[in-house]
Amino acid sequence: MTSASFHPAAGPARRTVVAAAGAAGLTAVLAACSGSDDDASGDTGTTPSGSPSQEAGGGEKAGAGAALAATADIPEGGGKVFPDQKVVVTQPAAGDFKAFSATCTHQGCAVKSVADGLINCPCHNSSFSITDGSVQGGPAPKPLPAVPITVSGDSIRLAE
């Protein structure tokens, strides 16, 4: 009697299968956290940034020195997000205008709205004060960095 030795059929190694499954899971997680948002509701028309790799406020600001808005466009006790410039301008008190990076310090999503004295990030519900950019809720670890602006007459501009 001879015994035949068992040789499994050629195929991917178990290690390869496990690595592929891990890579697929990582891809799914990254896709879910990419910040893609096709919802155009709200008055700001912003979409979250798809690039969480940059430090908040570290990206280039488009249109330095260009007029962002008229002072009348920024509601007292509120603000407005400018997605192209990656900045949010607020007016905590009458005539007092502030600007902050519109990139959330949690994972780099773009903040989307300003309501009830808070700048809000839709990705993980972080919120920031319109007065100083400080974290008021959510997982954000740091305040929104201030962005220099100038107010001349009724015009608000990014500082050059």
Next item on the list: Would you please name every residue forming a side-chain hydrogen bond (donor to acceptor under 3.5 Å, both in side chains) with Thr131, sequence neighbours left out?
Entry: none
Item checked: Contacts of type side-chain hydrogen bond (donor to acceptor under 3.5 Å, both in side chains), residue Gln136, not counting sequence neighbours ->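 Ser134.
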What is the minimum heavy-atom distance between [X] and [Y], and which atoms define it?
{"X": "Thr90", "Y": "Phe100", "value": "OG1-CE1, 3.8 Å"}
{"X": "Ile74", "Y": "Val89", "value": "CG2-O, 3.8 Å"}
{"X": "Ala110", "Y": "Pro122", "value": "O-CD, 3.6 Å"}
{"X": "Val87", "Y": "Ala99", "value": "CG2-CB, 3.9 Å"}
{"X": "Thr105", "Y": "Ala140", "value": "OG1-CB, 3.5 Å"}
{"X": "Ser126", "Y": "Pro139", "value": "OG-CD, 3.3 Å"}

Margin query: Quick one, Pro92 and Lys98 - any side-chain contact, counting heavy atoms below 4.5 Å?
Written below: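 Yes, at least one pair of side-chain atoms sits under 4.5 Å.
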Next item on the list: Following the transitive rule for hydrophobic clusters with a side-chain heavy-atom cut-off under 4.5 Å over Ile, Leu, Val, Met, Phe, Trp and Tyr, establish whether Val88 and Leu118 coincide in one cluster.
Entry: no
Distance, nearest 0.5 Å, that separates [atom1] of [X] from [atom2] of [Y]:
{"X": "Ser127", "Y": "Ile119", "atom1": "OG", "atom2": "CD1", "result": "9.5 Å"}
{"X": "Ile130", "Y": "Asp116", "atom1": "CD1", "atom2": "CG", "result": "9.5 Å"}
{"X": "Leu144", "Y": "Thr103", "atom1": "CG", "atom2": "OG1", "result": "8.5 Å"}
{"X": "Asp73", "Y": "Gln91", "atom1": "CG", "atom2": "CD", "result": "10.5 Å"}
{"X": "Phe128", "Y": "Cys121", "atom1": "CZ", "atom2": "SG", "result": "6.5 Å"}
{"X": "Leu68", "Y": "Ile149", "atom1": "CG", "atom2": "CD1", "result": "7.5 Å"}

